[in-house]
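If you read the sequence from its start, that first residue is 1, and numbering goes on from there. Note that this is a predicted model, so its numbers are computed, not measured.
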Amino acid sequence: QVQLVEAGGGLVQPGGSLRLSCAASGSIFSINVMGWYRQAPGKQRELVADITSGGRANHADSVKGRFTISRDNAKNTVYLQMSSLKPEDTAVYYCNADIRRTKWGNFYNDWGQGTQVTVSS
């Protein structure tokens, strides 16, 4: 069994910063891509940023220059540093990872439970 546990969400004023973290635990042999998605009320879930095990990062245009994704492979943890937050960044943020549970197994896509980020004055 694999768990992805997010932390770091909350209420922040416009222009403020937050740092999200997501730790993967359980039966893990290796992790390929880890990423962050978000879903605002009434909208589809969208990719915010993702990062390969080698450190190659990809950020959505809407967050480029404001958000930075990073990861610690030794800790199976991915981070999202969010700065210059805007009200339109308000959403539930979900962690996502492609995880192989055994040496010869397939990669499976796992999700965290989500953490609420609210940007409001």
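With contacts defined as side-chain heavy-atom distances shorter than 4.5 Å, the pair Arg38/Thr90 does not qualify.
When only modelled atom types and interatomic distance are considered, Asn73 and Arg71 share a side-chain donor-acceptor pair under 3.5 Å.
At most 12 non-hydrogen atoms from other residues, nucleotides or ligands lie less than 6.0 angstrom from OH of Tyr108. Around the CD atom of Gln3, the shell of radius 6.0 Å holds no more than 12 heavy atoms that belong to other residues, nucleotides or ligands. Atom CD of Glu88 sits in a crowded spot, with more than 12 heavy atoms from other residues, nucleotides or ligands closer than 6.0 Å.
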message: One pair to check against side-chain contact (heavy atoms from CB on, under 4.5 Å): Trp111 and Asn109. What are the steps and the verdict?
response: CA-CA 7 Å; Trp111 291 91; Asn109 195 249; 3.3 Å; yes
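The pair Asp61-Lys64 meets the salt-bridge criterion, since a charged nitrogen lies less than 4.0 angstrom from a carboxylate oxygen.
Between Ala40 and Ala91, the shortest heavy-atom contact is N-CB, 3.8 Å. For Arg66 against Ser62, the heavy-atom pair with the smallest separation is NH2-O, 2.9 Å. Considering all non-hydrogen atoms of both residues, Ser17 and Ser84 come closest at OG-N, 4.4 Å.
Here the CG atom belonging to Asp72 is positioned 6.0 Å from the OG1 atom belonging to Thr77, to the nearest 0.5 angstrom. Considering OG of Ser121 and CG of Leu11, their distance stands at 9.5 Å, rounded to 0.5 Å. Taking OG1 of Thr52 as the start and CG of Asp98 as the end, the distance is 11.5 Å to the nearest 0.5 Å.
Scanning for salt bridge (charged side-chain N to carboxylate O under 4.0 Å, His left out) contacts around Lys75 gives an empty result, with sequence neighbours left out. For Tyr94, there are no ring-ring contact (aromatic ring centres under 6.0 Å, His included) partners at least two apart in sequence or on another chain.
Although no hydrogens or angles enter the test, the distance criterion places no donor-acceptor pair under 3.5 Å between the side chain of Arg100 and the main chain of Ser30. A donor-acceptor pair is defined here as one N or O able to donate and one able to accept, closer than 3.5 Å; no such pair exists between the side chain of Glu6 and the backbone of Cys22. Under the 3.5 Å distance criterion, the side-chain polar atoms of Arg101 are left unmatched by any main-chain donor or acceptor of Ser27.
In this structure, Leu20 belongs to a hydrophobic cluster whose other members, linked by side-chain heavy atoms under 4.5 Å apart, are Val2, Leu4, Val12, Leu18, Ile28, Ile31, Met34, Trp36, Val48, Ile51, Val63, Phe67, Ile69, Val78, Leu80, Met82, Leu85, Tyr93, Ile99, Val117, Val119.
Clustering ILVMFWY residues whenever any of their side-chain heavy atoms sit less than 4.5 angstrom apart, transitively, puts Val5 in a cluster other than the one holding Val92.
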